[in-house]
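To start, the structure itself, in structure tokens.
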Amino acid sequence: MIRRMTLKDAQQVHAIESRTFAMPWSLKSFEEEMTTNPCARYLVAEEDGRVIGYAGAWIVLDEGHLTNVAVDAPYRGRGVGAALLSALIAYASNLGAAYLTLEVRRSNLTAQRLYRRLGFVELGVRKRYYEDNGEDALLMVLDHMPPVDPDFEEAPVCAP
């Protein structure tokens, strides 16, 4: 099941983040995303009441930026990441995003394949983007968003 992330999910999300990334966000960062960042929207994948993955974005006017995507190791390769990203892309479109951007490690070929499969294209390179090892990031963009669901009822976010 994929649903909107809540503050109650922050600890499980942080645990996955810590197991996945060399420089994980802090628990406080996820809590602040849920409580103080009006631009933030996060989804979680859940199985048997346990969070098994998450994806987040910041939506500002018509721009969206993917912030974090991770699936806990035992659940990788089962389509959870693709389902989360597809749901987040649709959500962002419904909130008014005309396009989405993201950065991905040059060495993360698995993630790059997933992003390309979902329609992202490489836009450029951010040299020495990652602080832990100075690795470059590929800047990718998705500019063919799905149509807006006419029954969607959440107000747009981060409008001036």
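By the rule that hydrophobic residues join a cluster once side-chain heavy atoms approach within less than 4.5 Å of another member, Y54 and Y91 end up as members of separate clusters. A chain of hydrophobic side-chain contacts below 4.5 Å, direct or via other Ile, Leu, Val, Met, Phe, Trp or Tyr residues, connects L114 to L43. Linking ILVMFWY side-chain heavy atoms closer than 4.5 Å, directly or via other members, places V141 and L88 in two distinct hydrophobic clusters. The hydrophobic clustering, which links ILVMFWY residues whose side-chain heavy atoms are closer than 4.5 Å, places F120 and I59 together. Under the 4.5 Å side-chain contact rule for hydrophobic residues, F21 and Y75 do not share a cluster.
A distance of 12.0 Å separates CZ in R105 from CD in Q112, rounded to the nearest 0.5 Å. Taken to the nearest 0.5 Å, the SG atom of C39 stands 10.5 Å off from the CD atom of E63. Taking CZ of R4 as the reference point, atom CE of M34 lies at 7.0 Å (rounded to 0.5 Å). Here N133 contributes atom CG and S107 contributes atom OG; the two are 7.0 Å apart, rounded to the nearest 0.5 Å.
Across all non-hydrogen atoms, the minimal contact from S18 to P24 is CA-CB, 3.8 Å. Summarising the geometry of S26 relative to H14, their closest heavy-atom pair is C-CD2, 3.4 Å, with the distance given to 0.1 Å. Nearest heavy-atom pair, L84 versus A45, reported as atom, atom and distance to 0.1 Å: CD2-N, 3.6 Å. Contact detail for A90 and P146: the closest heavy-atom pair is CA-CG, 3.9 Å. Nearest approach of A82 to L118, heavy atoms of both residues: O-CD1, 4.5 Å.
Two residues are said to be in side-chain contact when any heavy atoms from C-beta on lie closer than 4.5 Å; V69 and Y115 meet this criterion. E33 places none of its side-chain heavy atoms less than 4.5 Å from the side chain of M5. Residues E135 and N108 are not in side-chain contact: their nearest non-hydrogen atoms beyond the backbone lie 4.5 Å or more apart. R128 is listed as a side-chain neighbour of D136, based on a closest heavy-atom distance under 4.5 Å. Here the side chains of E154 and N94 are not in contact, with every heavy-atom distance at 4.5 Å or above. For the pair L66/L85, a side-chain contact is recorded, criterion being any heavy-atom separation below 4.5 Å from C-beta on. With contacts defined as side-chain heavy-atom distances shorter than 4.5 Å, the pair L138/V125 qualifies. Put simply, the side chain of L95 reaches to within 4.5 Å of the side chain of F152, judged on heavy atoms.
For the side chain to side chain donor-acceptor pair (under 3.5 Å) test with Y42, the passing option among N37, T67, T6 is T67; the others fail.
The number of heavy-atom neighbours closer than 6.0 Å to CD of E131, taken from other residues, nucleotides and ligands shown, is 12 or below. The number of heavy-atom neighbours closer than 6.0 Å to CD of E47, taken from other residues, nucleotides and ligands shown, is above 12.
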>> For a side chain to side chain contact (heavy atoms under 4.5 Å, CB included) check, start with the C-alpha distance between R76 and T20, then their side-chain angles and the critical distance, and finish with the verdict.
In response: CA-CA 11 Å; R76 292 181 191 153; T20 303; 3.3 Å; yes
>> Test side chain to side chain contact (heavy atoms under 4.5 Å, CB included) on V44 and V13; report intermediate values, then the result.
In response: CA-CA 8 Å; V44 295; V13 165; 3.9 Å; yes
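Side-chain contact of E103 with Y130: a donor-acceptor pair under 3.5 Å is absent, judged by distance alone.
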